[in-house]
Amino acid sequence: MKKTVLVSGGAGFIGSHVTVELIEAGYDVVVADNFSNCDHTCFEGVKKITGREDIPLVEMDFCDAAAVKKIFRDYPIDAVIHFAAYKAVGESVEKPLMYYKNNLLSFMNVLEAAQEKGNFNVLFSSSATVYGEPDKVPVTEKTPRKPAISPYGNTKTMCEDILQDTVKASHGSVKGILLRYFNPIGAHPSALIGELPRGVPNNLVPFITQTAIGKRECLSIFGDDYPTPDGTGLRDFIDVVDLAKAHVFAVTRMLEGKMKKDCEIFNIGTGTPLSVMELVKAFEKVNGVKVNYRIAPRRPGDIIAIWADPTLANEEMGWKATRSIEETLAAAWAWEKHLAGK
Ligand code: UFG
């Protein structure tokens with residue numbers, strides 16, 4: 001029988017890519033979103049890519065416990081992938097309560113509903129932010145977590161703990177997987193879905209594409225005096241389609257009863273570091289465009305260097321990142337041009 005997956009925050013950047021991959025893998029998907037940080041563009045894109053006009057969309061806020069219980073009653077869901085959360089690091093420093101309230105409450109409501117339903121699977125979208133500035137790179141799942149620098153980061157650490165405690169207390173009735181994403185970038189090759197930042201982008205790639213298209217004057221490269229080969233930060237940039245596929249592997253692992261523990265953790269990255277400067281240069285080369293940039297002071301709170309050791313996800317889940325940085329950056333540019341109507 002076809003299994004059904006609820007994707008909270010399913011109309012956003014990562015959620016929409018995950019919805020596409022789930023549908024293409026044969027799952028039924030229920031998308032739920034409150035559209036607080038996105039519009040209907042990506043949901044419409046998902047329908048076009050999959051050729052499915054009938055994907056259920058529920059406009060709801062996961063902080064509303066009654067609404068969460070209702071969606072669990074209304075649909076025959078077997079698992080939930082929880083994305084619905086605020087994600088701007090800087091904003092979280094200014095509005096910590098807004099972040100704690102939204103990100104923790106929404107997840108606790110999901111877990112409560114999962115617990116009530118029983119025999120349920122929860123996949124949580126965590127982040128490499130939980131490792132802070134690691135003492136050693138690449139990081140494995142055993143690398144110790146560090147105290148979070150921002151309230152946003154802290155919500156990821158806290159949600160990881162909340163899931164682990166809930167799984168433990170449920171004695172096998174609720175199972176969980178935590179995926180720790182490194183730096184998701186790019187867009188679907190169709191250019192019908194991608195990242196839609198509101199206002200000035202915080203993240204590197206949307207800032208690059210907006211500068212290349214002329215929406216922003218100049219990209220600031222935050223720091224070129226780090227102790228790295230070219231002085232700019234090192235990251236593990238993971239293609240969003242590869243990342244989305246990791247969710248399909250994880251959900252299937254849960255639903256097919258292949259988990260080795262009731263709560264598992266996987267790093268989702270390529271395993272290959274790339275510097276900020278290398279990324280800018282690669283973008284220019286593959287797309288044949290100039291990116292106007294300048295070197296700016298370091299950005300407070302930035303990590304110097306972090307990349308994943310994805311061995312566990314590769315060997316245990318059978319998932320591996322396959323898209324090249326060139327494909328990824330070409331897709332990011334195609335999406336920006338699509339948005340500009342070019
Ligand atoms: N960068 C620039 N200029 C920009 C934007 C970013 O030089 O305009 C640099 C940053 O300094 C950093 C790299 O590009 O070295 C990547 O920055 P992003 O903002 O794209 O990503 P981060 O690595 O800072 O953020 C990621 C996740 C967050 C998470 C954070 C924790 O996107 O969700 O790691 O460190 F919280």
Side-chain angles (χ1 to χ4, degrees), residues 9 12-15 37 83 85-93 96 99 103 124-134 137-139 143 145-160 178-186 194-195 197 199-212 215-240 243 267-270 273-283 291-308 325 328-329 332:
F13 172 44
I14 300 175
N37 196 33
F83 292 109
Y86 295 148
K87 60 172 187 180
V89 177
E91 185 184 50
S92 79
V93 175
Y99 271 68
N103 293 8
F124 178 66
S125 72
S126 189
S127 160
T129 194
V130 301
Y131 297 116
E133 180 81 63
V137 274
V139 294
T143 298
R145 296 185 314 185
K146 292 253 172 102
I149 295 162
S150 68
Y152 157 78
N154 209 15
T155 66
K156 291 292 176 196
T157 307
M158 292 166 89
C159 284
E160 285 198 348
L178 301 167
L179 297 184
R180 291 181 178 154
Y181 313 154
F182 283 70
N183 285 62
I185 61 165
E195 204 165 352
V200 183
N202 291 310
N203 296 113
L204 180 61
V205 169
F207 210 108
I208 291 176
T209 56
Q210 289 194 6
T211 306
K215 249 168 124 177
R216 310 267 158 219
E217 230 162 73
C218 186
L219 165 76
S220 293
I221 293 185
F222 299 133
D224 69 347
D225 55 354
Y226 283 113
T228 59
D230 67 15
T232 65
L234 288 174
R235 292 290 184 280
D236 185 332
F237 296 100
I238 168 87
D239 186 282
V240 67
L243 175 77
N267 282 340
I268 304 298
T270 65
L274 201 72
S275 79
V276 172
M277 189 59 92
E278 283 172 325
L279 186 97
V280 173
K281 294 290 168 201
F283 181 88
V291 178
N292 191 20
Y293 68 80
R294 67 182 180 100
I295 304 299
R298 292 180 179 192
R299 183 170 70 175
D302 265 348
I303 303 300
I304 303 166
I306 184 161
W307 66 95
I325 192 70
T328 304
L329 293 174

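Here the structure is a predicted model, which means the values were calculated and not measured. Only heavy atoms go into these numbers, but all of them, side chains included; no hydrogens, no water, no symmetry mates. Whatever order the structure lists ligands and atoms in, that order sets their numbers, starting from 1. Nothing fancy with the numbering, it's 1 onward along the sequence.
- The single protein non-hydrogen atom nearest to atom 13 (C) of ligand 1 is V276 CG2, 3.6 Å, given as residue, atom name and distance.
- Looking at heavy atoms from C-beta onward, Y86 lies in side-chain contact with N103 at the 4.5 angstrom threshold.
- For atom 20 (O) of ligand 1, the closest non-hydrogen atom on the protein side is L204 N, 2.9 Å.
- Scanning the protein heavy atoms around atom 31 (C) of ligand 1, the nearest turns out to be T129 OG1, 3.2 Å.
- Contact annotation: for R235 versus ligand 1, heavy atoms closer than 4.0 Å belong to the side chain alone.
- Exactly one of I304, D302, I149 qualifies for a side chain to side chain contact (heavy atoms under 4.5 Å, CB included) with E133. That residue is I304.
- Counting only heavy atoms from C-beta outward, the side chains of V200 and R216 approach each other to under 4.5 Å.
- Taking a cut-off of under 4.0 Å to the non-hydrogen atoms of I221, the atoms of ligand 1 that pass are 7 (O).
- Between N267 and Y131 the shortest side-chain heavy-atom distance falls below 4.5 Å.
- The aromatic rings of F83 and Y181 sit tilted, their planes meeting at an angle between 30° and 60°.
- Looking at N183, D302, N202, I306, it is N202 that brings a heavy atom closest to atom 5 (C) of ligand 1.
- Contact annotation for S220 and ligand 1: only backbone heavy atoms (N, CA, C, O) come within less than 4.0 Å of the ligand.
- Nearest to atom 17 (O) of ligand 1 among the protein's heavy atoms is R299 NH2, 3.4 Å.
- Contact check for I325 versus I185: side-chain heavy atoms found under the 4.5 Å cut-off.
- Taking each of N203, L279, V205, L219 in turn, the one with a heavy atom nearest to atom 18 (P) of ligand 1 proves to be N203.
- Here the CD atom belonging to E217 is positioned 10.5 Å from the CZ atom belonging to R294, to the nearest 0.5 angstrom.
- Closest to atom 35 (O) of ligand 1 by heavy atom, among I304, T232, I303, is I303.
- Annotation: side chain of L234 is in contact with side chain of P229 (closest heavy-atom distance under 4.5 Å).
- There is a protein heavy atom closer than 4.0 angstrom to atom 2 (C) of ligand 1.
- Remark: ligand 1 and V89 share no N or O pair separated by less than 3.5 Å (distance only, no angle test).
- The heavy atom nearest to atom 4 (C) of ligand 1, considering only Y181, Y152, F207, F222, is found in F222.
- The closest side-chain heavy-atom distance from Y293 to I208 is not below 4.5 Å.
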